[in-house]
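Below: one structure, written as structure tokens.
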Amino acid sequence: MKDFYLEIKHICKQTGARYGVLHTPHGDVEVPMFMPVGTLATVKTLSPEELIGMGSGVILANTYHLHLRPGEDVLSKAGGIHKFMNYPGPILTDSGGFQVFSLMDNRKISEEGVTFKSHLDGSTLEFTPEKVIAIQEKIGADIIMSFDECMPYPVEYEYAKKSVERTLRWAQRGQQAQLRDDQALFGIVQGSDFADLRQHSAVELTKMNFPGYAIGGTSIGEPKDVFIKMIEQSVPFLPEDKPRYLMGVGSIDFLLEGISRGIDMFDCVLPTRIARHGALMTSIGRVNIRDAKYKEDFSPLDANCDCYTCNHYTKAYLRHLYISEETFGKRLLSIHNVRFLISLMEKARRAIKDDRFGDFKKEVYQSFVGDKGF
RNA sequence: GCGAACGUGGUGAAGUGGUUAACACAUCUGGCUGUGAACCAGACACUCGUGGGUUCGAUUCCCAUCGUUCGCC
């Protein structure tokens, strides 16, 4: 599809980090980029205006959850997800592959697809690669994802091998089922932490010539060295000129490690979820706003942050709102965390352009106080 | 003044003649990674109003005392 392509503008001379512009039907966005997650067509507590104001590019929504409610026909009748939720920028829908992992107790996998038992009413839902594409075409995002199996970690080699092969067949089936030509369908590399499987997965997907590639099956509880291994086992076998999307990554260290290894896109619920639970990402590391030590701390959350929350409110006030379970507190904390990661990406892009991403990464780590990093 | 009931952690409260005194809330502390998550986990009463007695052993039984509440003059 002609409206969708990655323009790589610079590759950092210190690392493999890439700076570029991703062209989409809903505008151009710079990479590396962090994509906030709005599973049910809303990034929890935040308005589209706020997101755009924070510099957000792509946001995510979820096929499985939107299929359950309100149903893709509603999205279709609304004129697509952009109109439905009033988000003017690019949107990506995840395929439901992550739910194959997260809803493991309520699903069965076969060659044909996955049978879920709805977590809402217990009804049976058949997800096939073809159906998942059809749903995503009705939802109408700019980027859609192949249906895959996100495997748990660790898994037996034999199982991983079977799963990877099946996910490859699903990718092909999904691609063949695609009718619309204005949505970029991404393939997803799997293979757990097995080098040959990751390579095989990446090589075979590349042969199918997708407009973009994702690396899945990471950040599901594996140790950091395994996480890095999974990236390094995948990236070298993906085409240079296509966007690379590392799924489910949102902690500061994982983001930086991903960028330095040539990843362009990341998504994660982490900033929004932990914000609602009172945890904040700051330039000096993690802050748990509920801690008693902030009761009379009238300084901003992060002196180095330019977000609305840090510009207008104190830790003491934010703590008060959190302890009192006020909705406004969850909004202010979400605003901070999302802006923090978007801002981190802006700084990362600057560093890449200046050929000093390696130094930048070190500086970020060094600014963490104690072991309170992410 | 008389009668009755009750006195258990910050709060509301279970409970038993015998190992670590429920539970909830509050408080404190962690965790959360393609959202089944405004969620989950852990900590928190050297002690059951006070004094004495019975008993091998009392928060639990008895007496006294203080306090609270209710009822009656």
Side-chain angles (χ1 to χ4, degrees), chain A residues 34-45 58-66 68-69 91-107 116-122 125 132 136 141 143-151 153 186 188-190 213-224 227 230 245-255 257-258 263 265-281 286-295 319 321-334 337 341 371-372 374:
Chain A
F34 175 76
M35 309 183 285
V37 177
T39 304
L40 283 165
T42 169
V43 178
K44 294 187 196 304
T45 79
V58 176
I59 62 168
L60 256 76
N62 182 279
T63 302
Y64 172 85
H65 291 284
L66 289 176
L68 281 182
R69 58 182 177 198
I91 299 176
L92 181 157
T93 42
D94 185 32
S95 62
F98 185 71
Q99 280 62 45
V100 178
F101 164 73
S102 63
L103 303 179
M104 202 177 300
D105 296 336
N106 289 313
R107 56 87 171 136
F116 291 100
K117 248 174 68 186
S118 162
H119 67 277
L120 296 178
D121 61 8
L125 306 163
V132 163
Q136 293 187 92
I143 301 170
I144 62 179
M145 303 301 297
S146 291
F147 192 44
D148 67 327
E149 178 191 357
C150 177
M151 286 178 278
Y153 174 84
F186 279 31
I188 305 175
V189 177
Q190 290 291 349
Y213 298 86
I215 296 170
T218 68
S219 45
I220 47 172
E222 77 281 8
K224 187 170 172 179
F227 163 77
M230 288 171 167
Y245 161 29
L246 184 59
M247 307 185 80
V249 167
S251 62
I252 295 167
D253 56 345
F254 278 32
L255 288 168
E257 298 305 334
I263 302 295
M265 306 158 66
F266 305 86
D267 81 285
C268 197
V269 304
L270 199 64
T272 44
R273 177 183 292 169
I274 69 176
R276 276 178 278 121
H277 298 165
L280 292 312
M281 299 175 179
R286 183 190 181 101
V287 167
N288 286 337
I289 199 63
R290 59 176 170 259
D291 285 1
K293 61 186 169 191
Y294 302 124
K295 189 169 185 180
R319 177 175 193 272
L321 293 182
Y322 183 82
I323 299 283
S324 308
E325 298 182 55
E326 284 292 338
T327 306
F328 188 46
K330 296 183 196 310
R331 289 195 55 220
L332 289 176
L333 297 177
S334 297
N337 271 356
L341 285 189
D371 59 350
K372 288 296 225 172
F374 273 89

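Remember, it's a predicted structure, so these values are computed and weren't measured experimentally. Reminder, nothing fancy here: chain letters follow the sequence lines and each chain counts from 1.
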Restricting to nitrogen or oxygen on both sides, can you table the protein-nucleotides 42-44 of chain B pairs closer than 3.5 Å?
none

Query raised in the report: Taking only side-chain nitrogens and oxygens of A:Arg290, does any of them come within less than 4.0 Å of OP1 or OP2 of B:rG30?
Result: no
Query raised in the report: When you compare B:rA14 with B:rC28, how far apart are their C1' atoms, in angstrom units rounded to a whole number?
Result: 24 Å
Report task. Determine the contact category for A:Glu326: base if any of its heavy atoms lies under 4.0 Å from a base atom, sugar-phosphate if only primed atoms, P, OP1 or OP2 are that close, otherwise nothing. Result -> nothing
**Report entry** Between B:rU35 (C1') and A:Phe116 (CZ): distance, integer Å
**Finding:** 14 Å
Query - Option among A:Asn337, A:Leu333, A:Leu280 that satisfies the side chain to side chain contact (heavy atoms under 4.5 Å, CB included) test with A:Pro271 - result: A:Asn337
**Report entry** Nearest-angstrom distance from the residue atom CD1 of A:Ile220 to P of B:rU35
**Finding:** 13 Å
Report task. Quote, to the nearest angstrom, the C1' distance that separates B:rC48 from B:rC72. Result -> 33 Å
**Report entry** B:rU50 to B:rA43 separation - P atoms, rounded to the nearest Å
**Finding:** 27 Å
Report summary line: Atom CD of A:Gln190 and atom P of B:rG34 are separated, to the nearest Å, by 14 Å
**Report entry** Gap separating the CZ atom of A:Arg107 from the OG atom of A:Ser118, nearest 0.5 angstrom
**Finding:** 16.0 Å
Query raised in the report: Given the C1' atoms of B:rC70 and B:rG31, what is the spacing between them in whole Å?
Result: 50 Å
Query raised in the report: Does the side chain of A:Val249 come within less than 4.5 Å of A:Phe227's, by heavy atoms?
Result: yes
Report task. Under 4.0 Å between any heavy atoms, over every strand shown, what does A:Asn62 touch: base, sugar-phosphate, or nothing? Just pick one. Result -> sugar-phosphate
Requested in this report: Pick base, sugar-phosphate or nothing for A:Arg69, based on heavy-atom distances below 4.0 Å to the nucleic acid.
Outcome: nothing
Query - From CA spacing to verdict: side-chain hydrogen bond (donor to acceptor under 3.5 Å, both in side chains), A:Ser251, A:Asp253 - result: CA-CA 6 Å; A:Ser251 62; A:Asp253 56 345; 2.9 Å; yes
Report task. Rounded off to whole Å, could you give me the CZ-to-C1' distance for the A:Arg286 and B:rG30 pair? Result -> 8 Å
Query raised in the report: B:rU33 C1' sits how many Å from A:Tyr153 OH, rounded?
Result: 16 Å
Query - A:Val37 side chain near A:Asp94 side chain, heavy-atom distance below 4.5 Å - result: no
Query raised in the report: Ignoring hydrogens and angles, does a donor from either the side chain of A:Asp267 or the base of B:rG34 sit under 3.5 Å from an acceptor on the other?
Result: no
Query raised in the report: For the atom pair NE2 (A:His65) and CG (A:Leu120), what is the distance rounded to the nearest 0.5 Å?
Result: 9.0 Å
Query raised in the report: Nearest to the side chain of A:Tyr322, which nucleotide is it out of B:rU29, B:rC39, B:rG34?
Result: B:rC39
Query raised in the report: Base, sugar-phosphate alone, or nothing: which one does A:Ala279 contact when heavy atoms must sit under 4.0 Å apart?
Result: base
Requested in this report: Decide yes or no, distance alone: a donor-acceptor N/O pair under 3.5 angstrom between the base of B:rU35 and the side-chain of A:Thr272.
Outcome: yes
Query raised in the report: If pairs are Watson-Crick or G-U with both distances under 3.5 Å, what is the dot-bracket string of RNA chain B, marking crossing pairs with [ ] and pairs to another strand with |?
Result: ((((((((.[[[..)..(....]]].(((((.......))))).....[[[[[..)....]]]]]))))))).
Query raised in the report: Can we call the ring centroids of A:His119 and A:Tyr64 under 6.0 Å apart?
Result: yes
Please list, for nucleotides 36-38 of chain B, all pairs of protein and nucleotide N/O atoms separated by less than 3.5 Å.
from   : atom 1 : to       : atom 2 : distance (Å)
B:rG36 : OP2    : A:Gln99  : NE2    : 3.1
B:rG36 : OP2    : A:Ser102 : OG     : 2.7
B:rG36 : O6     : A:Asn106 : ND2    : 2.2
B:rG36 : N1     : A:Asn106 : ND2    : 3.3
B:rG36 : N2     : A:His119 : O      : 3.4
B:rA37 : N7     : A:Arg273 : NH2    : 3.1
B:rA38 : OP2    : A:Arg276 : NH1    : 2.5
B:rA38 : O2'    : A:Lys330 : NZ     : 3.4

Report summary line: Separation of B:rU35 atom C1' from A:Ile59 atom CD1, nearest Å, is 14 Å
Report summary line: Assert: residue with more 5' nearest nucleotide on RNA chain B, out of A:Arg319 and A:Asp94, is A:Arg319
Query raised in the report: Heavy-atom count around A:Lys224 NZ within 6.0 Å, excluding the residue itself: above 12?
Result: yes
Requested in this report: Find out whether A:Met281 and A:Leu341 are in side-chain contact, i.e. whether some heavy atom of one side chain is under 4.5 Å from a heavy atom of the other.
Outcome: yes
Query raised in the report: On a whole-Å scale, what distance lies between the C1' atoms belonging to B:rA24 and B:rG9?
Result: 13 Å
Requested in this report: Considering just the side-chain nitrogens and oxygens of A:Ser219, establish if one lies under 4.0 Å of OP1 or OP2 belonging to B:rU33.
Outcome: no
Query raised in the report: Over how many whole Å does the gap from A:Lys293 atom NZ to B:rC28 atom C1' extend?
Result: 12 Å
Requested in this report: In whole angstrom, give me the gap between the P atoms of B:rG67 and B:rC25.
Outcome: 35 Å
Report task. Supply the atom-to-atom distance A:Lys44 NZ to A:Thr272 OG1, rounded to the nearest 0.5 angstrom. Result -> 8.0 Å
Requested in this report: By nearest nucleotide on RNA chain B, pick out whichever of A:Ile323 and A:Thr218 is the more 5' one.
Outcome: A:Ile323
**Report entry** Nearest atoms (heavy-atom pairs only) where A:Ser95 meets A:Asp148
**Finding:** OG-OD1, 3.7 Å
Query raised in the report: Contact class for A:Ile188 vs. all strands (heavy atom < 4.0 Å): base, sugar-phosphate, or nothing?
Result: base
Report task. Measure the shortest side-chain to side-chain distance between A:Ile323 and A:Arg290 over non-hydrogen atoms and say whether it is less than 4.5 angstrom. Result -> yes
Query raised in the report: Considering only heavy atoms from C-beta outward, does the side chain of A:Met35 approach that of A:Met265 to under 4.5 Å?
Result: yes
Report task. Starting from P on B:rG31, measure out to CD1 on A:Ile289 and report it in whole angstrom. Result -> 15 Å
Report task. Determine the contact category for A:Gly122: base if any of its heavy atoms lies under 4.0 Å from a base atom, sugar-phosphate if only primed atoms, P, OP1 or OP2 are that close, otherwise nothing. Result -> nothing
Requested in this report: List the atom of A:Thr218, the atom of A:Met247, and the distance in Å for their closest heavy-atom pair.
Outcome: OG1-O, 3.5 Å
Query raised in the report: Quantified in whole Å, what is the C1' atom distance between nucleotide B:rU27 and nucleotide B:rC44?
Result: 8 Å
Requested in this report: Report yes if at least one side-chain N or O of A:Asn288 is closer than 4.0 Å to OP1 or OP2 of B:rU29; otherwise report no.
Outcome: no
Query raised in the report: Roughly how far apart, to the nearest Å, are B:rA45 and B:rG1 at atom C1'?
Result: 39 Å
